[in-house]
Amino acid sequence: MPELPEVEVVKKSLEKEITNLSIKRVKIKDGNLRYKVKRQDIYKIKGLKIKKIKRRSKYLLIFLSNDFIIIVHLGMTGKFFIKKKNKSKQKTSFYYNLQNGQEEKHDRLIFYLSKETKLIYNDVRKFGFITLCSKRKVFENKHIKKLGPEPFDRNFNLDYFVKYINGKKRVIKDLLMDQKFVSGLGNIYVNEILFFSNINPKRKISNLKEFELLQIIKNIKKVLKKAILFGGSTIKDFKSSSGKLGEFQQHFKVYGKKGHQCSNLDCKGKVKKITISNRSSFFCSICQK
DNA sequence: TTCTTTGTTCCGGA
DNA sequence: GTCCGGAACAAAGA
């Protein structure tokens, strides 16, 4: 479930906690992630220093002191924990809220860093991955190279939108989920963005008016910025609380709100749930035409 | 037991 | 070759 805002929040807290620390050793507890963690990669990063951390779409790029970059994708349930000596385990972000004990069970990798700091990668469903890449080749990486513009990029504008959709005939929700069109959005934020844009998720892109395209662009930037400000969204399956949590889910207007009254004051509609391309979509059939 | 959930890749048909 | 939709993947809760 981590979409751009959650990854950005993780990036910020990792940046604060592990920049300038060096990697002493790495323990693979379960390397069978989306791609198997390679032992030779682990060997290559031993002794290197963590120089800086960047985000591209939903990917984290951890720059090391030589030519290497660690590329991380959190998949659906990947998360990092930081553990310092004499301190209990801290989450790296306001992100997931875990039940007690869950963390240990799904810890997959442990990075032993300098200053007696441990960085733990935990992933319940193992859809995330961690791989090594050289700085020179990062834009040739098979994941990174196919990404479309960042939503906050000035190149992501009306001109780009109009050109991209020319001759295509998908529905708008599918397009916004497509990382080649714009990178970083997932199911949750696309639902929210279409609500604010007053556009039905099943609308064909060929039928959208120019003012509607502008609305979509504006709301993508607006919703993502606000979500980052609130520390992202916390997955709702987990119940007990410890540490700081993302709070943006409290601001959801439609996602997960089937049957709720539409949040627009003058609207008597209810939020509906339908399936589009095997994903659930929530919308108000009165406000979203 | 079956359905649902999430992001991404892969595959086949148009 | 491009476009597009559907299935698959892991794991857990309802």
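We name chains A, B, ... by the order of the sequence lines, and we start the count at 1 in each one.
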*Between B:dG7 and A:Gln179, is there an OP1 or OP2 to side-chain N/O distance shorter than 4.0 Å?*
no
*Main-chain N/O of A:Tyr189 paired with A:Glu3 side-chain donor or acceptor, under 3.5 Å*: yes
*For atom NZ of A:Lys126 and atom P of C:dA10, their distance in whole Å*: 8 Å
*Is NZ or CZ of A:Arg34 both nearer than 6.0 Å to the six-membered ring centre of A:Phe129 and within 45° of the ring axis?*
no
*What is the distance from CE of A:Met76 to C1' of B:dG7, rounded to the nearest Å?*
6 Å
_Going by side chain to side chain donor-acceptor pair (under 3.5 Å), name the residues that satisfy it together with A:Tyr35, two or more places apart in sequence or in a different chain._
A:His143
*Using a 4.0 Å heavy-atom cut-off across all strands, classify A:Lys273 as base, sugar-phosphate, or nothing.*
sugar-phosphate
_Just N and O in the side chain of A:His106: are any of them under 4.0 Å from OP1 or OP2 of C:dA12?_
yes
Identify every side-chain donor-acceptor pair in residues 52-67 of chain A under 3.5 Å, counting partners at least two apart or on other chains, and give the distances.
{"unit_1": "A:Arg55", "atom_1": "NE", "unit_2": "A:Glu8", "atom_2": "OE1", "d": "2.6"}
{"unit_1": "A:Arg55", "atom_1": "NH1", "unit_2": "A:Ser57", "atom_2": "O", "d": "3.0"}
{"unit_1": "A:Arg55", "atom_1": "NH1", "unit_2": "A:Glu150", "atom_2": "OE1", "d": "3.0"}
{"unit_1": "A:Arg55", "atom_1": "NH2", "unit_2": "A:Glu150", "atom_2": "OE1", "d": "3.2"}
{"unit_1": "A:Arg56", "atom_1": "NH1", "unit_2": "A:Gly148", "atom_2": "O", "d": "3.3"}
{"unit_1": "A:Arg56", "atom_1": "NH1", "unit_2": "A:Glu150", "atom_2": "OE2", "d": "2.9"}
{"unit_1": "A:Arg56", "atom_1": "NH1", "unit_2": "A:Ser183", "atom_2": "OG", "d": "3.1"}
{"unit_1": "A:Arg56", "atom_1": "NH2", "unit_2": "A:Leu147", "atom_2": "O", "d": "3.4"}
{"unit_1": "A:Arg56", "atom_1": "NH2", "unit_2": "A:Gly148", "atom_2": "O", "d": "2.8"}
{"unit_1": "A:Ser57", "atom_1": "OG", "unit_2": "A:Gly184", "atom_2": "N", "d": "3.3"}
{"unit_1": "A:Lys58", "atom_1": "NZ", "unit_2": "A:Leu185", "atom_2": "O", "d": "3.0"}
{"unit_1": "A:Ser65", "atom_1": "OG", "unit_2": "A:Lys49", "atom_2": "N", "d": "3.0"}
{"unit_1": "A:Asn66", "atom_1": "OD1", "unit_2": "A:Phe68", "atom_2": "N", "d": "2.9"}
{"unit_1": "A:Asp67", "atom_1": "OD2", "unit_2": "A:Arg136", "atom_2": "NH2", "d": "3.3"}

*Whole Å only: how far is the CD1 atom of A:Ile274 from the P atom of B:dT5?*
12 Å
Pairs under 3.5 Å (N/O, protein and nucleotides 1-8 of chain C):
{"unit_1": "C:dC4", "atom_1": "OP1", "unit_2": "A:Lys169", "atom_2": "N", "d": "2.6"}
{"unit_1": "C:dG5", "atom_1": "OP2", "unit_2": "A:Asp174", "atom_2": "OD2", "d": "3.0"}

*How close or far is atom P of C:dC9 from atom CG of A:Asp123, stated in whole angstroms?*
17 Å
*With hydrophobic residues grouped by side-chain heavy-atom distances under 4.5 Å, do A:Ile69 and A:Val26 end up in a single group?*
no
*Send over the distance from A:Leu33 CG to C:dA11 C1', rounded to a whole Å.*
14 Å
*Does a side-chain N or O from A:Ser280 land closer than 4.0 Å to OP1 or OP2 of B:dT4, or not?*
no
*Tell me: NZ of A:Lys258 to P of B:dT5, nearest whole Å?*
10 Å
*Got a sec, which residues hit ring pair (Phe, Tyr, Trp, His ring centres under 6.0 Å) with A:Tyr121, two or more places apart in sequence or on another chain?*
A:Phe80
*Examine A:Lys168 relative to A:Tyr164 and say whether NZ or CZ is less than 6.0 Å from the centre of the six-membered ring and inside a 45° cone about the ring axis.*
yes
*Starting at atom CZ of A:Phe181, determine the distance to atom P of B:dG7, rounded to an integer number of angstrom.*
17 Å
*Quick one: does A:Lys222's side chain get under 4.5 Å of A:Asn219's, heavy atoms only?*
yes
*A:Asn32 has an atom CG; how far is it from atom P of C:dA11, in whole Å?*
9 Å
*Please name all residues satisfying ring pair (Phe, Tyr, Trp, His ring centres under 6.0 Å) with A:Phe196, sequence neighbours left out, ordered by chain then number.*
none
Under 3.5 Å, which protein N or O atoms sit close to an N or O of nucleotides 9-14 of chain B? Give each pair with its distance.
{"unit_1": "B:dT9", "atom_1": "OP1", "unit_2": "A:His143", "atom_2": "NE2", "d": "3.1"}

